[in-house]
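One structure is given here, and the rest of the page talks about it.
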Amino acid sequence: TVKGSSYVAGISGIVEQITTSMNSGDIHGDGIVGGIGGYWAECSTENKIFTLNDNANYGDVYSNDTAGGIIGRIEITAKSGTTSKFDMHRTVYGKVINSANYANIEAVCAGGICGYAKGIGTFIKWTYGRDNFIGIVSFENCINNSNIISSNTAGAILGYAESHEHSSYLYAGQFVVKNTFWLNDIASLIGIEHVYGDTNRTEEHSVENSGWYSHNTSQCMFNDTDVVELLNQWVINNSNADITYKKWKYETVDGYACP
């Protein structure tokens with residue numbers, strides 16, 4: 001068991017890069033808590049992809065504030081560097097990929113993969129064009145096979161999603177969920193979505209090949225289709241030179257099949 005206050009996690013309280021890690025101990029904290037990582041923040045003025053790749057959590061996670069099965073809190077910022085005064089587009093990704101949570105998450109703000117995520121972007125309009133800088137938080141090829149318990153905000157994958165302005169011009173961040181499934185209809189995909197600084201905007205997110213599944217002792221089903229088959233077909237179709245998505249197979253957890 002790991003216990004602490006501010007940034008508490010099974011592997012690293014403050015994250016830069018974590019790859020191919022596993023936690024099996026329970027995690028207790030008062031602040032930002034994660035099964036693998038506590039707090040992860042990235043910022044760039046260029047097109048860039050940051051990843052947390054191939055991690056699994058088997059230990060229950062508890063917090064009096066924010067908790068996630070893989071990571072407690074994510075902040076991804078796309079920041080303008082030099083001003084071009086012409087059309088310039090930059091996208092900064094923070095991707096949690098090939099990861100799974102198999103343990104209970106209990107917090108005020110709780111998510112199966114991530115408790116709280118913030119995408120920060122900048123939009124600057126010039127006489128001859130505009131600069132768009134977009135911060136995107138993405139969950140790809142992930143599984144949450146456990147319960148989410150919260151006194152306030154709960155999400156099967158993400159507890160709270162916030163798009164935030166970086167300057168006086170708002171171009172909100174975005175959230176993406178791809179090939180990601182969770183056990184039973186325990187909670188919404190995202191607990192609460194909020195755009196800070198502009199009440200007229202709606203949250204921007206996209207969902208692809210994702211949903212909740214039921215399970216028995218031998219397989220998991222999404223509607224009438226085997227979940228592992230669905231996951232692996234998407235992996236075959238989408239792996240490329242930039243990102244390799246892992247294939248899934250069944251294992252038994254507490255007597256039930258899960259990916």
Side-chain angles (χ1 to χ4, degrees), residues 7 11-21 32 34 36-55 68 70-99 113-114 116-142 157-158 160-180 190 193-198 201 203-208 238-246:
Y7 302 116
I11 304 299
S12 178
I14 297 178
V15 174
E16 289 186 3
Q17 296 287 307
I18 298 178
T19 300
T20 316
S21 294
I32 297 172
I36 300 298
Y39 176 69
W40 180 35
E42 301 287 359
C43 177
S44 179
T45 59
E46 301 296 328
N47 291 320
K48 193 137 187 180
I49 297 175
F50 300 96
T51 62
L52 296 184
N53 186 5
D54 195 16
N55 298 296
I70 300 299
I71 183 76
R73 179 173 176 134
I74 300 172
E75 293 187 15
I76 302 298
T77 303
K79 185 178 180 181
S80 59
T82 58
T83 53
S84 66
K85 298 191 178 182
F86 294 97
D87 286 336
M88 179 183 290
H89 302 276
R90 296 288 185 267
T91 304
V92 180
Y93 283 93
K95 295 190 175 189
V96 180
I97 63 175
N98 298 329
S99 295
I113 300 298
C114 175
Y116 190 111
K118 181 186 290 186
I120 305 171
T122 307
F123 168 71
I124 302 174
K125 187 175 182 181
W126 303 102
T127 304
Y128 301 105
R130 60 183 184 177
D131 293 347
N132 292 341
F133 303 87
I134 310 170
I136 299 179
V137 179
S138 184
F139 304 92
E140 302 176 12
N141 203 37
C142 292
I157 301 302
L158 174 59
Y160 193 101
E162 180 178 332
S163 292
H164 199 286
E165 62 181 339
H166 178 72
S167 66
S168 58
Y169 297 92
L170 177 67
Y171 197 83
Q174 298 177 7
F175 300 90
V176 176
V177 179
K178 297 180 179 181
N179 204 44
T180 291
I190 300 174
E193 300 174 73
H194 177 66
V195 178
Y196 180 86
D198 189 343
R201 287 182 62 94
E203 184 55 73
E204 295 189 13
H205 74 268
S206 64
V207 179
E208 175 186 327
N238 289 274
S239 290
N240 53 56
D242 295 324
I243 295 180
T244 299
Y245 296 104
K246 75 173 186 179

Atom of [X], atom of [Y] and distance for their closest heavy-atom approach:
X: Ile71; Y: Val15; answer: CD1-CG2, 3.9 Å
X: Phe139; Y: Thr180; answer: O-OG1, 3.5 Å
X: Cys114; Y: Gly72; answer: SG-O, 4.0 Å
X: Glu208; Y: Asn238; answer: OE2-OD1, 4.4 Å
X: Val92; Y: Ser44; answer: CG2-O, 3.7 Å

Short question: side chain of Asn47, backbone of Thr91 - any donor-acceptor pair under 3.5 Å?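 Checked: pair present.
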Donor-acceptor contact below 3.5 Å, side chain Asn55 vs main chain Ser99: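 Judged by distance alone, no pair lies under 3.5 Å.
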Can you name the residues that form a side-chain contact (heavy atoms from CB on, under 4.5 Å) with [X], not counting sequence neighbours?
X: Lys246; result: Asp54, Asn98, Asn141, Trp248
X: Ser239; result: Val235, Tyr245
X: Ile49; result: Thr51, Tyr93, Lys95
X: Asn240; result: Asp242, Ile243

Trp40 and Ile18, any side-chain heavy atoms less than 4.5 Å apart: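 No - every pair of side-chain heavy atoms lies 4.5 Å or more apart.
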As an exercise, state the distance from [atom1] of [X] to [atom2] of [Y], rounded to the nearest 0.5 Å.
X: Ile74; Y: Leu158; atom1: CD1; atom2: CG; result: 7.5 Å
X: Tyr7; Y: Arg73; atom1: OH; atom2: CZ; result: 8.0 Å
X: Phe175; Y: Ile136; atom1: CZ; atom2: CD1; result: 10.0 Å
X: Ile97; Y: Ile70; atom1: CD1; atom2: CD1; result: 12.0 Å
X: Glu75; Y: Tyr116; atom1: CD; atom2: OH; result: 7.5 Å

Keeping to residues at least two apart or across chains, list the salt bridge (Lys or Arg N to Asp or Glu O under 4.0 Å) pairs with something in residues 41-51.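 Counting only pairs at least two positions apart or across chains, the salt bridge (Lys or Arg N to Asp or Glu O under 4.0 Å) contacts touching residues 41-51 are Glu46-Arg90.
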Evaluate whether atom CD of Gln17 has more than 12 neighbouring non-hydrogen atoms of other residues, nucleotides or ligands under 6.0 angstrom away.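 Buried by this count: over 12 neighbours within 6.0 Å.
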The test is side chain to side chain contact (heavy atoms under 4.5 Å, CB included); show your working for Val96 and Cys142 and say whether it passes. CA-CA 8 Å; Val96 180; Cys142 292; 4.2 Å; yes
Partner residues of Phe50 under the ring pair (Phe, Tyr, Trp, His ring centres under 6.0 Å) criterion, sequence neighbours left out: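 Result, ring pair (Phe, Tyr, Trp, His ring centres under 6.0 Å) vs Phe50: none returned.
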